[in-house]
Amino acid sequence: MSGASENRTAVKEFVLLGFASIPNSQGLLFALFLAIYVVTLAGNGIIITLTSTDPNLDTPMYYFLRNLSVIDICYISSTVPQLLAHFLSRTHTISLLACATQNYAFFAFGVTECFLLAVMSYDRYVAICNPLHYTLVMSRQACAKLAAGSWVSGFFHSVVLTVYTFHVPFCGPNCIDHFFCEAPQVLKLACADTYVNELVIFAVAVLVLIIPLSLVFISYSRILATILQISTAAGRRKTFSTCASHLTVVSLFYGAAIFMYMRPRSTHSPQQDKMISLFYAVITPMVNPMIYSLRNKEVKGALIRAWGMKVSS
């Protein structure tokens with residue numbers, strides 16, 4: 001028993017290989033990811049500020065958008081700051097506890113976003129298909145409960161995902177061919193059968209990806225049926241334009257996450273996994289505020305009003 005115990009505790013830290021395969025570009029990569037991180041913080045910070053201070057954006061849709069921006073800031077902050085630190089350091093180590101903590105935070109905010117995107121689609125469904133009861137159905141109390149439910153679901157499911165990722169012995173090697181502690185890459189280093197662990201993670205992935213995505217599809221199928229009943233083409237375009245930004249964000253986020261967590265393990269490759277993870281863990285949080293602001297007249301109007309007040313003061 002003592003030998004087994006020693007083996008189970010042999011690995012005290014991991015080495016994140018990150019982008020070490022392109023060593024001559026570390027400075028350039030640092031500048032690139034720093035720019036992405038700053039743009040993400042600024043863009044989502046602007047959305048949070050506008051939706052919190054502009055009376056014209058005091059609606060359920062922008063309340064949920066504010067929550068999405070908070071999530072995106074936390075989501076990208078669970079991975080990129082450490083990546084930036086590793087670009088400046090010769091050692092790319094991370095302790096087992098820190099690795100588990102990063103994994104938990106990454107899953108928590110990612111799963112929360114899955115549920116919140118489904119809630120946002122329900123908000124659009126009520127607004128378009130049941131407008132006369134919109135203020136009653138989407139009351140402040142109801143919105144707060146839906147948002148809180150998304151956050152609680154995210155942090156609860158993350159406990160399960162993290163436990164089944166790290167509740168295995170790690171006896172070496174300890175090099176993770178990734179830029180953060182993502183579950184599939186961590187489990188490759190386990191010195192035990194991980195079939196049950198992978199099965200549980202897959203089942204949770206189905207729950208937190210397919211079920212919310214199904215709710216999105218149901219909401220938008222009913223929205224589409226309602227839009228098609230509008231007599232004028234201009235009216236149809238105007239109504240659908242309120243959903244276009246959300247549909248774009250849903251497609252980007254769910255598409256990459258499903259491809260990452262719901263394909264057979266035999267098809268995984270470290271380089272491919274890094275690119276997919278970059279897309280939904282780094283790029284998506286950066287482009288979300290751009291999608292909502294560039295395609296949304298109300299957000300652009302609030303930004304113009306805020307800029308005008310700043311200039312006049």
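Computation of the quantities below employed the complete heavy-atom set of this structure, encompassing side-chain atoms and omitting hydrogens, waters and symmetry-equivalent molecules.
Each of L28 and L83 belongs to its own hydrophobic cluster when Ile, Leu, Val, Met, Phe, Trp and Tyr are linked at side-chain heavy-atom distances under 4.5 angstrom. No continuous path of ILVMFWY side-chain contacts below 4.5 Å connects L187 to L97, so the two sit in separate hydrophobic clusters. One hydrophobic cluster, built from ILVMFWY side chains closer than 4.5 Å, holds both V160 and V163. The same ILVMFWY cluster, assembled from side-chain heavy atoms under 4.5 Å apart, contains both V38 and I76. One hydrophobic cluster holds both M290 and M61 under the rule that ILVMFWY side chains link at heavy-atom gaps under 4.5 Å.
Within the 3.5 Å criterion, the main-chain N or O of P285 finds a donor-acceptor partner in the side chain of N44. A donor-acceptor contact shorter than 3.5 Å links the side chain of Q102 to the backbone of S78. K12 contributes no side-chain N or O that, together with a main-chain N or O of S95, makes up a donor-acceptor pair within less than 3.5 Å. A donor-acceptor distance shorter than 3.5 angstrom exists from the side chain of N67 to the backbone of Y63, with no hydrogens or angles considered. Between the side chain of S89 and the main chain of A85, no donor-acceptor pair closer than 3.5 Å is present. A donor-acceptor pair is defined here as one N or O able to donate and one able to accept, closer than 3.5 Å; no such pair exists between the side chain of D54 and the backbone of L50. Under a 3.5 Å cut-off, the side chain of N197 and the backbone N or O of Y164 do form a donor-acceptor pair.
Residues D123 and Y134 are in side-chain contact: their nearest non-hydrogen atoms beyond the backbone lie under 4.5 Å apart. The shortest distance between side-chain heavy atoms of S219 and R124 does not fall below 4.5 Å. Contact check for M120 versus V249: no side-chain heavy atoms found under the 4.5 Å cut-off. Annotation: side chain of C181 is in contact with side chain of I94 (closest heavy-atom distance under 4.5 Å). Annotation: side chain of C99 is in contact with side chain of I176 (closest heavy-atom distance under 4.5 Å). In this structure, the side chains of I48 and I73 come closer than 4.5 Å at one or more pairs of heavy atoms. The closest side-chain heavy-atom distance from L161 to V208 is not below 4.5 Å. Taking the side chain as every heavy atom from C-beta outward, I36 and V282 approach each other to under 4.5 Å.
Between R140 and D58 there is a salt bridge, since at least one side-chain N of the basic residue sits less than 4.0 Å from a carboxylate O of the acidic one.
Nearest heavy atom pair, residue A100 against residue T162, reads O-CG2, 3.7 Å. Contact between Q185 and D177 at its shortest, heavy atoms only, is OE1-O, 4.0 Å. Residues R236 and I230 come closest through the heavy atom pair NH1-O, 2.8 Å. Taking both residues in full, the closest heavy atoms of Y220 and C243 are given as CE2-CB, 3.4 Å, listed atom of the first, atom of the second, then distance. Minimum interatomic distance between V168 and A190 (heavy atoms only, all atoms of both residues): CG2-CB, 3.7 Å. Closest of all the heavy-atom pairs between C114 and P212 is O-CB, 3.7 Å.
The distance from the CG atom of L34 to the CG atom of L29 is 12.0 Å, given to the nearest 0.5 Å. Atom CG of residue N288 and atom CD of residue E113 lie 6.0 Å apart, to the nearest 0.5 angstrom. With rounding to the nearest 0.5 angstrom, the CZ atom of F180 is 8.0 Å from the CG atom of N103. Note that CG of L65 is 5.0 Å distant from CD1 of I47, once rounded to the nearest 0.5 Å. From T49, atom OG1 reaches atom CG of L57 across 11.5 Å, with rounding to the nearest 0.5 Å. Note that CZ of F87 is 8.0 Å distant from NE2 of H92, once rounded to the nearest 0.5 Å.
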Discussion item. Set out, in order, the CA-CA distance, both residues' side-chain angles and the distance that settles side-chain contact (heavy atoms from CB on, under 4.5 Å) for S158 and V111, then state yes or no.
Written reply: CA-CA 7 Å; S158 184; V111 174; 5.7 Å; no

Practice prompt. Give the intermediate values and the outcome of side-chain contact (heavy atoms from CB on, under 4.5 Å) for residues Y122 and L215.
Written response: CA-CA 8 Å; Y122 174 71; L215 297 176; over 6 Å; no

Worksheet entry | Worked check of side-chain contact (heavy atoms from CB on, under 4.5 Å) between Y62 and N56 | CA-CA 10 Å; Y62 295 108; N56 294 318; over 6 Å; no

Worksheet item: So L252 and I291, side-chain contact (heavy atoms from CB on, under 4.5 Å) or not? Walk me through it.
Response: CA-CA 11 Å; L252 292 173; I291 293 171; 3.8 Å; yes

Worksheet item: side chain to side chain donor-acceptor pair (under 3.5 Å) between Y125 and N130: does it pass, once the steps are laid out?
Response: CA-CA 7 Å; Y125 158 72; N130 197 10; over 6 Å; no

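Applying the side-chain hydrogen bond (donor to acceptor under 3.5 Å, both in side chains) rule to N174 yields no partners; only residues at least two apart in sequence or on another chain are considered.
The aromatic ring centroids of F19 and F33 lie less than 6.0 Å from each other. Ring-centre distance between H246 and F64: not below the 6.0 Å cut-off.
Counting non-hydrogen atoms of other residues, nucleotides and ligands closer than 6.0 Å to OH of Y104 gives a total above 12.
The one candidate from F253, Y280, F155, Y75 that meets the ring pair (Phe, Tyr, Trp, His ring centres under 6.0 Å) condition with F109 is F155.
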